[in-house]
Peer 1: 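Before anything else, here's the structure in question.
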Amino acid sequence: MPNWGGGAKCGACDKTVYHAEEIQCNGRSFHKTCFHCMACRKALDSTTVAAHESEIYCKTCYGRRYGPKGIGYGQGAGCLSTDTGEHLGLQFQQSPKQSRSATTSNPSKFTAKFGESEKCPRCGKSVYAAEKVMGGGKPWHKTCFRCAICGKSLESTNVTDKDGELYCKVCYAKNFGPTGIGFGGLTHQVEKKE
């Protein structure tokens, strides 16, 4: 049937949509009042809409209906929600629970996944990503990343490590470097001749 001067047809109510009241989504036109989730009827806007073929949903209902299913696929901050969406007419597929051992095979992956952090060798407190500096294969706080002898702040260009402790190159050379004549220190006394 030809469209004689009217606007496009609304994707929800199939009535004419004029330019002043039009919202376009996924190549279709909608009235502002018809632009809501087809499952829960929540009003939508450009940031909350998720389209599937000719249907529009809020992101929550879209995720329940078409998103991944199973353990570990949470939705935003409320990922522990037990709402299945049955009151909205959504089908929820229950996945069989997988048995997991109480111990983990790789503790570093476990700690990274669940928010625990590694400990600073100097102060023994947790080191988080924003304050982490690596030295000697271990994580350090930026404020703890100092020479163990003189207390000088260290950088990747002047740090050395020995037995799990950090030193500046000068202190390391004085305390652990080679000694003797020609190495900045005398190992025997020179006799004076008269």
Peer 1: Using atom types as modelled and distance alone, determine if a side-chain donor or acceptor of Trp140 lies under 3.5 Å from a backbone N or O of Arg122.
Peer 2: no
Peer 1: Between Cys58 and Cys40, is there a side-chain heavy-atom distance shorter than 4.5 Å?
Peer 2: yes
Peer 1: Mark yes or no for whether Arg146, through its side chain, and Thr143, through its backbone, hold a donor-acceptor pair below 3.5 Å.
Peer 2: yes
Peer 1: Within the distance-only criterion (no hydrogens, no angle test), does the side chain of Lys59 pair as donor or acceptor with the backbone N or O of Thr47 below 3.5 angstrom?
Peer 2: yes
Peer 1: If you look at every heavy atom in His36 and Leu44, which pair is closest and at what distance?
Peer 2: C-CD1, 3.5 Å
Peer 1: Drop me the distance from Cys61's SG to His52's NE2, to the nearest 0.5 angstrom.
Peer 2: 14.0 Å
Peer 1: Rounded to the nearest 0.5 Å, how far apart are NZ of Lys9 and CZ of Phe30?
Peer 2: 14.5 Å
Peer 1: Quick one, Phe35 and Val49 - any side-chain contact, counting heavy atoms below 4.5 Å?
Peer 2: yes
Peer 1: Of all heavy-atom pairs between Gly136 and Leu166, which one has the smallest distance, and what is that distance?
Peer 2: N-CD2, 4.5 Å
Peer 1: Any idea which heavy atoms bring Ala130 and Lys142 closest together, and the distance?
Peer 2: O-NZ, 3.6 Å
Peer 1: Is it true that Glu22 and Lys32 make a salt bridge, defined as a side-chain N closer than 4.0 Å to a carboxylate O?
Peer 2: no
Peer 1: Report yes if the side chains of Ser29 and Gln24 come closer than 4.5 Å at any heavy-atom pair, otherwise no.
Peer 2: yes
Peer 1: Taking the side chain from Asp45 and the backbone from Thr48, do they hold a donor-acceptor pair closer than 3.5 Å?
Peer 2: yes
Peer 1: If I take atom CD from residue Glu155 and atom SG from residue Cys168, how far apart are they, to the nearest 0.5 angstrom?
Peer 2: 12.0 Å
Peer 1: Any sub-3.5 Å donor-acceptor pair from Arg65's side-chain atoms to Thr60's backbone N or O?
Peer 2: no
Peer 1: With a 4.5 Å cut-off on side-chain heavy atoms, are His31 and Thr33 touching?
Peer 2: yes
Peer 1: Quiz question: by atom type and distance under 3.5 Å, do the side chains of Tyr66 and Glu55 form a donor-acceptor pair?
Peer 2: yes
Peer 1: Rounded to the nearest 0.5 Å, what separation is found between the CD atom of Glu118 and the CE atom of Met134?
Peer 2: 6.5 Å
Peer 1: Going hydrophobic residue to hydrophobic residue with side-chain gaps under 4.5 angstrom, can you get from Tyr167 over to Leu154?
Peer 2: no
Peer 1: Looking only at non-hydrogen atoms, find the nearest pair between Pro121 and Lys138 and report the distance.
Peer 2: CG-CD, 3.7 Å
Peer 1: Quick one: do Phe145 and Val127 end up in the same hydrophobic cluster if we chain Ile, Leu, Val, Met, Phe, Trp and Tyr together by side-chain heavy atoms under 4.5 Å apart?
Peer 2: no
Peer 1: Linking I/L/V/M/F/W/Y whenever their side-chain heavy atoms sit closer than 4.5 Å, directly or via other members, would Tyr172 and Ile149 fall into one cluster?
Peer 2: yes
Peer 1: First locate atom CD1 of Ile56, then atom CZ of Arg28, and finally report the distance between them rounded to the nearest 0.5 Å.
Peer 2: 8.0 Å
Peer 1: Output, in order, the C-alpha distance, side-chain angles, deciding distance and verdict of side-chain contact (heavy atoms from CB on, under 4.5 Å) for Val159 and Lys169.
Peer 2: CA-CA 6 Å; Val159 67; Lys169 289 188 175 187; over 6 Å; no
Peer 1: Do Ser126 and Lys119 have side-chain atoms, one donor and one acceptor, less than 3.5 Å apart?
Peer 2: yes
Peer 1: So which atom in His141 and which in Cys120 form the shortest heavy-atom distance, rounded to 0.1 Å?
Peer 2: ND1-CB, 3.4 Å
